[in-house]
Amino acid sequence: MNKNIVPHDYQISKEDRQKLKKHNSFLLWFTGLSGSGKSTIANVVEQELFRLGINTYSLDGDNIRKGINSDLTFSPEDRTENIRRIAEVANLLVDAGIVTLAAFVSPYKKDRENIKSVVKDVNFVEIYVNTSLEECERRDVKGLYKKARAGEIKNMTGISAPYEAPENPDIEINTEEVSVETAVKQILDYIRPKLQLKNE
Ligand code: ADP
């Protein structure tokens, strides 16, 4: 930290904000290939949490790559910077008392480890949306795989750029075997105890 930056001692803490909201806050991080189902599942999880009165916010390619990260490409260095900034934004949201959902390919293990250290292990729930490349390519939701195969897109994860699968995710979802509803239930069952405040 720059030696001239002296943090101000704010009197309202994260715990105060969580008490006001009546639930804990943490980060749900969805990782997996493009088209694996990250945003589809995150979207339904957020709707369910909203229905339960939980304060949420979703970060995804649309509101990040078009805004704060509009200067970044898909080169390995920029992908790392992309995830670093998202981790810092997510950390602020979690500090604000918000259950934050983030759906990003995030192909590098070291970048995901870095998110964990930014938001702290206890606030980080890694959800591996495990869908085979064949299935993602068959779905080709955004037509990106077709373009990548035609050589129109460089650095396409799974085709011309690597995806390092999580070894010990908190939750793993195989979308070729389970429905969206089942996946959402699996996630909600996992996070329900985490939502509780310590003294309640
Ligand atoms: P990503 O956010 O990972 O790029 P999307 O959520 O945009 O992927 O797209 C996933 C596609 O796969 C959607 O069209 C969705 O309807 C479909 N799909 C089929 N089965 C499942 C499943 N079990 N879970 C999630 N998505 C599924």
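First listed ligand is number 1; within each ligand, the first listed atom is number 1. Keep in mind that the numbers below use all heavy atoms, side chains included, and drop hydrogens, waters and symmetry copies.
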Under 30°, 30 to 60°, or over 60°: which ring-plane class applies to Phe124 and Trp29, parallel, tilted or perpendicular?
tilted
Ligand 1: protein residues within heavy-atom distance under 4.0 Å:
Leu33, Ser34, Gly35, Ser36, Gly37, Lys38, Ser39, Thr40, Ile41, Arg139, Val141, Thr175, Val178, Ser179, Val180
I'd like to know if Lys146 and Glu137 make a salt bridge, using a cut-off of under 4.0 Å between side-chain N and carboxylate O.
no
Axial cation check for Phe104 ring with Lys38, 6.0 Å and 45° limits:
no
Check Asn69 against Arg85 and note the closest heavy-atom contact, atom names and distance.
OD1-CD, 3.0 Å
Residues Glu81 and Arg84 bridged, charged N to O under 4.0 Å
yes
Mind running side-chain contact (heavy atoms from CB on, under 4.5 Å) on Thr157 and Arg79 for me, showing each step along the way?
CA-CA 11 Å; Thr157 303; Arg79 279 179 185 253; 3.0 Å; yes
